[in-house]
Amino acid sequence: PTMFIIGGSNNNNTSQPPSAIISTDRFEYYNTPSSSNTVTTGPNLPEKLYAPAAEISYEKRKLYVFGGASTVNIARNSIYSLDLANPSAGPWTTETITLPLARYGHIAVILSR
């Protein structure tokens, strides 16, 4: 089992008001259980995003990240994937298909039989 931390907003610029959003391109993951209790930094996303959705394809062994916003209220329709055989090595792949509607703050649900 692994926990993925993808994009988001950070508070590096504390002179901004609390409502400011500073998106990040960071990708990190934590393997559980882990004897080292460390979060590993992986390859940066191709763009800075906050509030994207993500899902894992167990058949293709890939992590997909889609949507999100690059700056305040600027939704994206991009889809990126990462091979999970070695998530620390990357690279991220920009998929040729895009979301039909740019969005952020959405949720991904996996239905599996």
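The figures that follow rest on heavy atoms only: side chains count, while hydrogens, waters and symmetry mates do not.
Here the straight-line distance linking atom CG of Asn44 with atom CD of Glu28 works out to 9.0 Å at 0.5 Å rounding. Atom OG of Ser81 sits about 13.5 Å away from atom CZ of Arg61, to the nearest 0.5 Å. Annotation: the span from Glu95 atom CD to Phe66 atom CZ amounts to 11.5 Å, rounded to 0.5 Å. To the nearest 0.5 Å, atom OG1 of residue Thr71 and atom CG of residue Leu49 are 10.5 Å apart. To the nearest 0.5 Å, the span separating OG on Ser23 from CG on Leu45 amounts to 10.0 Å.
Sorted by first then second residue, the side-chain hydrogen bond (donor to acceptor under 3.5 Å, both in side chains) pairs that include residues 98-110, not counting sequence neighbours, are Asn73-Tyr104.
Between Pro43 and Phe27, the closest heavy-atom pair is O-CB, 3.3 Å. Smallest separation of non-hydrogen atoms from Glu47 and Asp25: O-CB, 3.6 Å. Between Arg26 and Thr41, the shortest heavy-atom distance links the atoms NH2-OG1, 3.2 Å. Taking every heavy atom of both residues into account, Ser9 and Tyr50 meet most closely at N-CB, 4.2 Å. Arg76 approaches Ser70 most closely through the heavy-atom pair CD-OG, 3.6 Å. Minimum heavy-atom separation, Ile97 to Ile79: O-CD1, 3.7 Å.
Hydrophobic cluster membership is shared by Val39 and Met3, with clusters built from Ile, Leu, Val, Met, Phe, Trp and Tyr side chains linked at under 4.5 angstrom. Criterion: ILVMFWY side-chain heavy atoms under 4.5 Å apart, direct or through other members. Under it, Leu99 and Tyr64 are part of a common hydrophobic cluster. In terms of hydrophobic clustering, with Ile, Leu, Val, Met, Phe, Trp and Tyr side chains grouped at heavy-atom distances under 4.5 Å, Leu84 and Tyr80 are assigned to a common cluster. Leu82 is connected to Tyr58 through a chain of hydrophobic side-chain contacts under 4.5 Å among Ile, Leu, Val, Met, Phe, Trp and Tyr, so both are in one cluster.
Ile56 places none of its side-chain heavy atoms less than 4.5 Å from the side chain of Thr2. Leu63 places a side-chain heavy atom less than 4.5 Å from the side chain of Trp92. No side-chain heavy atom of Val65 sits under 4.5 Å from any side-chain heavy atom of Phe4.
Ser57 places a side-chain N or O within donor-acceptor distance of the main-chain N or O of Lys60, the cut-off being under 3.5 Å.
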